[in-house]
Engineer: 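To start, I am sharing the structure in question, which I have written as structure tokens.
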Amino acid sequence: MMQYSAEVRRWQLPDRGLPLGPRTLIMGIVNVTPDSFSDGGQHFRPESAIEHALRLETEGADVLDIGGESTRPGSEPVSVEEELRRVLPVMEELRRASKLPLSIDTRKAEVAGQALAAGASIVNDVTALGDPAMAGVVASTRAGVVLMHMRGDPKTMQQTPTYEDVVEEVCAFLETQVQVARAAGIRQDAIVLDPGLGFGKRTGRGVEDNVTLLRGLDRLVRLGYPVLVGASRKTFVGNLLGGRAVHERLEGSLAAAGYAVLRGARIARVHDVQATRRFLDVIDALRATDEPNP
Ligand code: HH2
């Protein structure tokens with residue numbers, strides 16, 4: 001497996017660099033969708049999405065991640081026009097009202113391009129540059145980018161995922177997509193990697209790809225890029241809690257986030273920003289004594 005020498009200590013965005021040091025960054029989730037798995041419909045009106053995002057800022061988010069298409073298992077894709085209609089008004093108003101860097105959660109290059117023009121500075125792509133035009137959009141705007149691993153697509157991904165060695169396969173895929181990104185001119189310090197918990201990963205009935213990935217996270221970290229983990233409220237957390245419903249998964253989500261950070265993740269993508277910030281403040285303080293060069 002390829003090793004990258006210098007560990008990235010800053011996430012470079014067009015207008016600033018986000019420090020990836022002793023303090024774990026929190027990406028707060030803003031879903032402008034009618035059907036997201038945990039909060040679908042709650043912030044579907046632009047005003048309510050904006051209000052929610054500004055609350056996440058006061059609660060301690062470092063980045064706001066705005067998405068107009070649910071990627072939950074079984075979800076239907078939405079058109080470019082519909083996705084833009086959902087996210088652009090929110091992006092434009094937040095660019096005015098918030099100081100935080102804004103991320104667009106999309107797999108479509110057209111949506112990414114327009115969101116970046118409206119003030120976003122990060123593309124969070126659950127297909128890791130699956131749209132052939134995406135790498136060019138990210139490179140030309142010097143945006144930050146999250147490359148996430150997914151097996152299949154959201155509509156079918158939970159039907160029959162299989163892996164010989166899930167950690168190895170996720171790392172190999174992300175290494176390949178890093179090369180695609182670098183070949184397109186995306187800078188090394190713009191790239192963040194994400195194992196894609198819940199995206200075509202087996203959960204329940206004794207097979208837990210998400211747990212295996214978290215346990216093996218240091219292998220992904222060793223690729224030399226900052227790692228983002230999104231465990232918040234996911235099905236595997238509910239399963240580990242004996243089948244708890246979405247709104248009973250906070251403590252489990254915190255445990256997964258804390259474990260990921262101790263394994264080297266530097267960014268947590270979460271719904272519950274205030275609780276996660278308080279929780280990670282303590283984890284960060286404790287891990288600072290573990291790591292000679294945090
Ligand atoms: N998870 C979801 C969506 N986008 N992006 C990254 N980088 N990592 C993740 O783990 C991730 C993601 C799913 O969560 P959510 O946004 O709450 O749900 P939905 O896709 O139903 O909108």
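Predicted model, so just to flag it, every value in this text is computed and none were measured. Whatever order the structure lists ligands and atoms in, that order sets their numbers, starting from 1.
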Engineer: Which residues pass the ring pair (Phe, Tyr, Trp, His ring centres under 6.0 Å) test with F279, not counting sequence neighbours?
Structural biologist: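 Applying ring pair (Phe, Tyr, Trp, His ring centres under 6.0 Å) to F279 gives none.
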Engineer: Would T33 count as a contact of ligand 1 if the rule is a heavy atom under 4.0 Å away?
Structural biologist: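 Judged by the 4.0 Å heavy-atom criterion, T33 does not count as contacting ligand 1.
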Engineer: Would you name the heavy atoms of L280 and A268 that are closest together and state the gap between them?
Structural biologist: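 Nearest heavy atoms, L280 then A268: CD1-CB, 4.2 Å.
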Engineer: Around atom 21 (O) of ligand 1, find the nearest protein heavy atom and jot down its residue, atom name and distance.
Structural biologist: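 Of the protein heavy atoms, S70 OG, 2.7 Å lies nearest.
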Engineer: Report, in ascending order of atom number, the atoms of ligand 1 lying under 4.0 Å from any heavy atom of T71.
Structural biologist: 3 (C), 19 (P), 20 (O), 21 (O)
Engineer: So if you build clusters from Ile, Leu, Val, Met, Phe, Trp, Tyr with side-chain heavy-atom gaps below 4.5 Å, do V78 and V30 land together?
Structural biologist: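 No, V78 and V30 fall in different hydrophobic clusters.
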Engineer: Taking only heavy atoms of N31, which atoms of ligand 1 are found under 4.0 Å from at least one of them?
Structural biologist: 15 (P), 16 (O), 17 (O), 22 (O)
Engineer: When you measure from atom 15 (P) of ligand 1 to every protein heavy atom, which one gives the shortest distance, and what is it?
Structural biologist: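 Its nearest protein heavy-atom neighbour is F37 CE2, 3.6 Å.
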Engineer: Looking at D35 and R72, is any side-chain nitrogen of the basic one under 4.0 Å from a carboxylate oxygen of the acidic one?
Structural biologist: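 Between D35 and R72 there is a salt bridge, with a charged N closer than 4.0 Å to a carboxylate O.
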Engineer: At under 4.0 Å between heavy atoms, which part of D65 makes contact with ligand 1: side chain, backbone, both or neither?
Structural biologist: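 Under 4.0 Å from ligand 1, D65 contributes no heavy atoms.
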Engineer: What protein heavy atom lies closest to atom 8 (N) of ligand 1? Include the residue and the distance to one decimal.
Structural biologist: D194 OD2, 2.6 Å
Engineer: Taking only Lys NZ, Arg NE, NH1 and NH2, and the carboxylate oxygens of Asp or Glu, determine whether R96 and E92 approach each other closer than 4.0 Å.
Structural biologist: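 Salt bridge between R96 and E92, a charged N being under 4.0 Å from a carboxylate O: no.
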Engineer: If you count the non-hydrogen atoms of other residues, nucleotides and ligands that lie under 6.0 Å from CZ in R215, is the total more than 12?
Structural biologist: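 Open.
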Engineer: Any idea which protein heavy atom is nearest atom 4 (N) of ligand 1, and the distance to it?
Structural biologist: D105 OD2, 3.1 Å
Engineer: Look at atom 5 (N) of ligand 1 and say which protein heavy atom is nearest, naming residue and atom and giving the distance to 0.1 Å.
Structural biologist: N124 ND2, 3.1 Å
Engineer: Does F44 have any side chain to side chain contact (heavy atoms under 4.5 Å, CB included) partners at least two apart in sequence or in another chain, and if so, which?
Structural biologist: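 Scan of F44 (side chain to side chain contact (heavy atoms under 4.5 Å, CB included), adjacent residues dropped) gives P34, E82, R86.
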Engineer: Ligand 1 versus R233, non-hydrogen atoms closer than 4.0 Å: side chain, backbone, both, neither?
Structural biologist: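 Neither; nothing of R233 gets under 4.0 Å from ligand 1.
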Engineer: From the options M148, M27, K234, select the one whose nearest heavy atom is closest to atom 10 (O) of ligand 1.
Structural biologist: K234
Engineer: Determine, stepwise, if the pair D189 / R10 fulfils salt bridge (charged side-chain N to carboxylate O under 4.0 Å, His left out).
Structural biologist: CA-CA 7 Å; D189 57 7; R10 279 170 89 75; over 6 Å; no
Engineer: Hey, is E168 close enough to R219 for a salt bridge, meaning N to O under 4.0 Å?
Structural biologist: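 Yes, charged N to carboxylate O under 4.0 Å.
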Engineer: Tell me, please: is H271 in heavy-atom contact with ligand 1, that is, under 4.0 Å?
Structural biologist: yes
Engineer: Hey, are R23 and D62 close enough for a salt bridge, meaning a charged N less than 4.0 Å from a carboxylate O?
Structural biologist: yes
Engineer: Which of the numbered atoms in ligand 1 are below 4.0 angstrom from a heavy atom of V126?
Structural biologist: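 This gives 4 (N), 5 (N), 12 (C) as the contact atoms.
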Engineer: What part of V146 sits under 4.0 Å from ligand 1 if we count only heavy atoms: the side chain, the backbone, both or neither?
Structural biologist: side chain
Engineer: Can you list the atoms of ligand 1 that are under 4.0 Å from a heavy atom of S36?
Structural biologist: 19 (P), 21 (O), 22 (O)
Engineer: Checking a contact table here: which protein heavy atom is nearest atom 16 (O) of ligand 1, and how many Å away?
Structural biologist: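 Heavy-atom neighbour on the protein nearest atom 16 (O) of ligand 1: R269 NH2, 2.9 Å.
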